[in-house]
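Encoded as structure tokens, the structure appears first; notes follow it.
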Amino acid sequence: QVQVVESGGGLVQAGGSLRLSCVVSGRTLDGYGMGWFRQVPGKEREFVAGISWRTGITYYTDSVKGRFTISRNNDKRTVHLEMNSLKPDDTAVYYCNANPVGLRTSPGIYWGQGTQVTVSV
């Protein structure tokens, strides 16, 4: 079993930055992929960024490349999403996800509770 808890959301003006954090507890994460997804009302939850816990390899959806950076701290069992040059279109609830099968753009079974990110014009 894996537990996932996000933090760091908030309100920011367009062009600003936010850093989301995800603390993961439970079983060993070796072989897991960690991902950030986001969802706005009326739309499906979409993949934003992911990282392999073992190798550190990362992958991003096109709309956030060059603006968002995902990273991990193995010792603290924490995953971060550094978001820069934020746009109003980035407004969403952001969810951290743990996938036992590795780095994927599809989610695994372990979700956090979500954290709201609101970008104002």
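None of these values were measured; they are calculated from a predicted model.
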From CA spacing to verdict: side-chain contact (heavy atoms from CB on, under 4.5 Å), Gln116, Thr91 = CA-CA 8 Å; Gln116 177 70 46; Thr91 295; 4.0 Å; yes

inquiry  = I need the Ile51 CD1 to His80 NE2 distance, nearest 0.5 Å.
reply    = 10.5 Å

ask   = Do the side chains of Tyr110 and Pro100 get nearer than 4.5 Å, heavy atoms only?
value = yes

query = Between the main-chain N or O of Gly35 and the side-chain N or O of Asn97, is there a donor-acceptor pair closer than 3.5 Å?
reply = no

key: Val12 with Val64, same ILVMFWY side-chain cluster at under 4.5 Å   = yes

message = I want to check something: taking the side chain as every heavy atom from C-beta on, are Trp53 and Val79 in contact at a cut-off of under 4.5 Å?
response = yes

key: Interatomic distance, Tyr32 atom OH to Leu103 atom CG [nearest 0.5 angstrom]   = 14.5 Å

query = Are the side chains of Glu6 and Tyr94 in touch, meaning some heavy atoms are under 4.5 Å apart?
reply = no

inquiry  = Are Cys96 and Trp36 packed together at the side-chain level, in the sense that at least one heavy-atom pair is separated by less than 4.5 angstrom?
reply    = yes

key: side-chain contact (heavy atoms from CB on, under 4.5 Å) evaluation trace for Met34 with Val24   = CA-CA 10 Å; Met34 297 300 301; Val24 190; 3.5 Å; yes

task = Consider only side-chain heavy atoms of I, L, V, M, F, W and Y, link residues closer than 4.5 Å, and tell whether Leu29 and Val4 are in one cluster.
result = yes

query = Does Val40 reach the side chain of Arg38, with side-chain heavy atoms less than 4.5 Å apart?
reply = no

Minimum heavy-atom distance between Lys76 and Thr78, given as atom pair plus value = O-OG1, 2.9 Å

request  = Inspect the surroundings of NZ in Lys43 and state if more than 12 heavy atoms from other residues, nucleotides or ligands are less than 6.0 Å away.
outcome  = no

query = Same cluster for Phe68 and Val117 if Ile/Leu/Val/Met/Phe/Trp/Tyr side chains link at under 4.5 Å?
reply = yes

task = Kindly work out whether a path of hydrophobic side-chain contacts (I/L/V/M/F/W/Y, heavy atoms less than 4.5 Å apart) joins Tyr60 to Leu20.
result = yes

message = Just verifying a value: how many Å separate Glu82 CD and Ile70 CD1, rounded to the nearest 0.5 Å?
response = 12.0 Å

ask   = Atom OH of Tyr95 and atom SG of Cys22: how far apart are they, to the nearest 0.5 Å?
value = 13.5 Å

Nearest heavy atoms of Gly108 and Trp111, plus distance in Å = O-NE1, 3.7 Å

message = For Val5, is there any backbone N or O sitting under 3.5 Å from a side-chain donor or acceptor partner on Gln113?
response = no

ask   = So with a 6.0 Å cut-off around CZ of Phe47, is the heavy-atom count from everything else above 12?
value = yes

task = Go through the steps for Arg67 and Met83 under the test side-chain contact (heavy atoms from CB on, under 4.5 Å), then give the verdict.
result = CA-CA 6 Å; Arg67 300 189 298 123; Met83 305 185 294; over 6 Å; no

query = Taking 4.0 angstrom as the limit, do Lys87 and Asp90 come out as a salt bridge?
reply = no

request  = Provide the closest heavy-atom pair for Val121 versus Pro88 in the form atom of the first, atom of the second, distance.
outcome  = CG1-CG, 3.6 Å

key: Shared hydrophobic cluster, Leu81 / Val2 (ILVMFWY, side-chain heavy atoms < 4.5 Å)   = yes

key: Exercise: identify the closest heavy-atom pair between Ser120 and Leu11   = CB-CD1, 4.3 Å

